[in-house]
Every structure is written in C-alpha cells, then in structure tokens.
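Everything on this sheet refers to the single structure shown next.
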Amino acid sequence: MSMYKLNDGRNIPNFGFGTYKLNGHAGVQSIVSAINNGYKMLDTAYNYENEGTVGKAIEESGVNRDELTITSKLPGRYYAHQDAITALQESLYRAHLDHFDLYLLHWPNPKRGMYVEAWQALIDAQKFGLVKSIGVCNFLPEHLDKLKAETGILPAINQIELHPYFNQAPMRKYDHDNGIVTMDWSPLGRASSVLKDPVLIELGKKYHKTVGQIIFRWEHQLDTIPIPKSASPVRQRENLDIFDFEISSDDMKKINDLTKPDGRTNDQDPAVYEEF
C-alpha cells in the first residue's frame, strides 16, 4: 500500500477502511481484524456513533497510533464555529485520541449556509493541533469555490459517492485540477446489483479477480481512495488484494461507460440534500 501526498504536505494511505454500522464489541473485533489485515486508515464520523468503538479497536490492535490515519466527520448541526470546536473535542474524547489525522465536514447543507463558518472552525482546529489535515465530504465545485474565495484554503480531501454506476468524472476533474484528493464512499454502490453486472463479471474472469477487486482497482487507477467496509476477515484481505495487476485503458473505459446520470445510491444530491 503506497501513500497519497495531500496539498498540505502530509501523506495518507491510498486505501482505507469504512466503519459505518460497526458498533459495540462486534464492531471493535471487526476493526481490529481490519487493522491486523493491513488497513492503516480508518474512516468514522460523529453521526456513525462509533468513534468510541474505533478508539477501542485502535487500543486493542496493538498497532502504534502513529502508524494509523484516523478520519472523522463533523455533522451539520454543529456548523456554528464554537459548536464545531466543541463537537470535535467530544469526538476525540470518545475515541480516546488527542488528534484526528483527517477531519471532514460531512455535508455542505447549502440551504442552511453555514459551511464556510464550519470550514473556518476546521482551519482553526488544525492550528490548535486537534487535527492534522482537513477536508470535506460531498462538496460540489460551487461549494469549494466559495471556501477558497472566503478563506483562501481548499480542502485536502473531498470524500464523495463514487462507484461504477456513478463515476463522478466532472467532480474528479475539479478535485484533481485544484489539488484535492478524491476519496470514495460507497465504493461498491448498490453492491447487490453492481456485483452482478455482466461487464464487471467478465472483467473479473479476464483478470482472475473478484468483481469487488476489479472495482477497487478501477477506483485506484482513477487516482481516488476507496474506503470499503467489511466485517469479514476474509473479505477484508480480499479487498486489499488489488495491487498485483493493472486494468487496461480499454477495460477502464468499459467500466467508466457503466456510469448513469441517476446513478446515486440514495439520490443524495449535495446541491439540495441536507443531513444534520
């Protein structure tokens, strides 16, 4: 596993582990398994209600904290400046950490119009040493342009929905052109249908890989960072086994051609969708 260099000079792993719905003792065991299987970047959020689970897993894994990249996210209900700082501190207390390596605004919530204030809070939190790198989730170009215009600082990361049925080509181009690393949530999309796609099944046979491995390799070759979740130790290892082959440009095009205008999993368009 290699590293991506962020626009703030720091490096993060090029593959991560999602922890959504991994809670309690079972969640701890799944996350410990992931760490021991080689995952060095863990993704959580205030709204996942499992930052304590992640912290406990870090403690039980026996892996040095400095070897791990821990990400969390600020929910929209705490976008007022002091609320944001307090919520971040509470998240760190829950996780028994003194800092997050990456901290993100979870959604822009544009109708509420507070994401610039929240972004300034993250800039300040970075200066305070509470976070190493700062970024956003689900931000569109117009939101990012406003952050740059009003604060002069662009995010290091933009975590967005990205999978074969929604490849986010325009958003990826914007991120790339502005030095922002794209990270992929829901990297398998609607797995029940994507994993049965005949194009992907054929490519799996061609490269002697699972459909999931084909998708993660495609995302890697798009210069994005997938963060899949799995409670299965076998699947955890399988998902990481994507660095010993390369998908041809023609086959990359075949996967990109699967994208759909309405490909979002739950119709969560950041231009209108809000989450608090």
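Using a 4.5 Å cut-off on side-chain heavy atoms (C-beta onward), Ile31 and Tyr39 make no contact. Counting heavy atoms from C-beta on, the side chains of Tyr273 and Asn266 never come closer than 4.5 Å. The closest side-chain heavy-atom distance from Leu222 to Asn256 is below 4.5 Å. Glu59 is not listed as a side-chain neighbour of Val28, based on a closest heavy-atom distance of 4.5 Å or more. Within the 4.5 Å cutoff, side-chain heavy atoms of Thr265 are placed close to those of Arg190. Residues Lys146 and Tyr115 are in side-chain contact: their nearest non-hydrogen atoms beyond the backbone lie under 4.5 Å apart. Leu130 has its side chain out of reach of His99: every pair of non-hydrogen atoms, C-beta onward, lies at least 4.5 Å apart.
Of all the heavy atoms in Asn37 and Pro233, the pair that sits closest is ND2-O, 3.5 Å. Nearest approach of Pro108 to Cys137, heavy atoms of both residues: CD-O, 3.8 Å. Contact detail for Tyr103 and Leu122: the closest heavy-atom pair is O-CD2, 3.6 Å. When every heavy atom of Lys260 is checked against every heavy atom of Phe166, the shortest pair comes out as O-CD1, 3.7 Å. Taking each heavy atom of Gly24 and Thr53 in turn, the nearest pair found is N-OG1, 3.2 Å. The two residues Asn239 and Ser230 have their closest heavy-atom pair at ND2-CB, 4.2 Å.
Hydrophobic clustering of Ile, Leu, Val, Met, Phe, Trp and Tyr side chains at less than 4.5 Å, counting indirect connections, keeps Met183 apart from Phe15. Transitive grouping of hydrophobic side chains (ILVMFWY, heavy atoms separated by less than 4.5 Å) keeps Ile35 and Val32 in distinct clusters. Cluster membership check: Phe276 does not share its hydrophobic cluster with Leu105, using side-chain heavy-atom separations under 4.5 Å among Ile, Leu, Val, Met, Phe, Trp and Tyr. Side-chain heavy atoms closer than 4.5 Å link hydrophobic residues (I, L, V, M, F, W, Y) into clusters, and following such links, even through other members, never connects Ile225 to Val54. Both Leu22 and Leu68 are part of a single hydrophobic cluster, where members link through side-chain heavy atoms under 4.5 Å apart.
At a threshold of 4.0 Å, the pair Asp250-Lys254 does not count as salt-bridged, since none of the basic side-chain nitrogens sits closer than that to a carboxylate oxygen. A salt bridge links Lys206 with Asp251: at least one charged nitrogen is closer than 4.0 Å to a carboxylate oxygen. We find that Lys209 and Asp241 are joined by a salt bridge, their nearest charged nitrogen and carboxylate oxygen being less than 4.0 Å apart. The pair Asp43-Lys73 meets the salt-bridge criterion, with a side-chain N (NZ, NE, NH1 or NH2) lying under 4.0 Å from an Asp/Glu carboxylate O.
Formation of a donor-acceptor pair under 3.5 Å by the Ser61 side chain with backbone atoms of Ile58 is found in this model. In this structure a side-chain-to-backbone donor-acceptor pair under 3.5 Å is present from Gln213 to Glu238. No donor-acceptor distance shorter than 3.5 angstrom exists from the side chain of Arg94 to the backbone of Gly52, with no hydrogens or angles considered. Proximity of a side-chain donor or acceptor of Ser30 to a complementary backbone N or O of Ala26 within less than 3.5 Å is detected. In this structure, the side chain of Asn23 engages the main chain of Glu49 through a donor-acceptor pair within 3.5 Å. Checked by atom type and distance alone, the side chain of Asn7 pairs as donor or acceptor with a backbone atom of Pro155 at under 3.5 Å. The main-chain N or O of Gly135 is never found under 3.5 Å from a side-chain atom of Asn158 such that the two would form a donor-acceptor pair. With hydrogens and angles ignored, the 3.5 Å screen pairs a side-chain donor or acceptor of Gln168 with a backbone N or O of Glu161. A donor-acceptor pair is defined here as one N or O able to donate and one able to accept, closer than 3.5 Å; no such pair exists between the side chain of Asn138 and the backbone of Pro270. With hydrogens and angles disregarded, no donor-acceptor distance shorter than 3.5 Å links the side chain of Glu219 to the backbone of Thr224.
Taking the ring centroids of His220 and Phe243, they lie under the 6.0 Å cut-off.
Separating the CH2 atom in Trp218 from the CG atom in Leu162 is a distance of 5.0 Å, to the nearest 0.5 Å. With rounding to the nearest 0.5 angstrom, the NE2 atom of His106 is 8.0 Å from the CH2 atom of Trp185. Summarising the geometry, atom CG belonging to Leu258 is positioned 10.5 Å from atom NZ belonging to Lys253; distances are rounded to the nearest 0.5 Å. The CG atom of Leu92 sits 4.5 Å away from atom CZ of Phe100, with the distance rounded to the nearest 0.5 Å. Here the CD atom belonging to Glu51 is positioned 7.5 Å from the OH atom belonging to Tyr46, to the nearest 0.5 angstrom. In this structure, CZ on Arg264 lies 5.0 Å from CG on Asp269, to the nearest 0.5 angstrom.
Aromatic ring pairs are classed by plane angle as parallel below 30°, tilted from 30° to 60° and perpendicular above 60°; the pair Phe139 and His143 is perpendicular.
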TODO: Please assess Asp101 against Arg65 for the test salt bridge (Lys or Arg N to Asp or Glu O under 4.0 Å), listing each intermediate value before the final yes or no.
DONE: CA-CA 10 Å; Asp101 301 281; Arg65 167 69 179 91; 2.8 Å; yes
Task: Working for side-chain contact (heavy atoms from CB on, under 4.5 Å), residues Val116 and Thr151 - done: CA-CA 8 Å; Val116 174; Thr151 70; 4.2 Å; yes
Open item on the list: Is there a side-chain contact (heavy atoms from CB on, under 4.5 Å) between Leu240 and Gln236? Walk through the geometry before answering.
Closed with: CA-CA 7 Å; Leu240 273 180; Gln236 290 170 359; over 6 Å; no
- [ ] Determine, stepwise, if the pair Ile157 / Ile12 fulfils side-chain contact (heavy atoms from CB on, under 4.5 Å).
- [x] CA-CA 10 Å; Ile157 290 281; Ile12 64 170; 3.7 Å; yes
Open item on the list: Show, in sequence, the C-alpha distance, side-chain angles and deciding distance for Gln29 and Glu60, and conclude whether the side-chain contact (heavy atoms from CB on, under 4.5 Å) test is met.
Closed with: CA-CA 9 Å; Gln29 297 308 304; Glu60 291 196 2; 3.6 Å; yes
Cut-off 3.5 Å, no hydrogens considered: what does the side-chain donor-acceptor table look like for residues 194-205, sequence neighbours left out?
from, atom 1, to, atom 2, distance (Å)
Asp197, OD1, Val199, N, 2.9
Asp197, OD1, Leu200, N, 3.4
Asp197, OD2, Tyr165, OH, 2.6

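In Arg10, the CZ atom is crowded: over 12 heavy atoms of neighbouring residues, nucleotides or ligands sit closer than 6.0 Å. Counting non-hydrogen atoms of neighbouring residues, nucleotides and ligands closer than 6.0 angstrom, the OH atom of Tyr207 exceeds 12 such neighbours.
Screening Leu144, Thr182, Ile180 against Met171 for a side-chain contact (heavy atoms from CB on, under 4.5 Å) leaves a single residue, Leu144.
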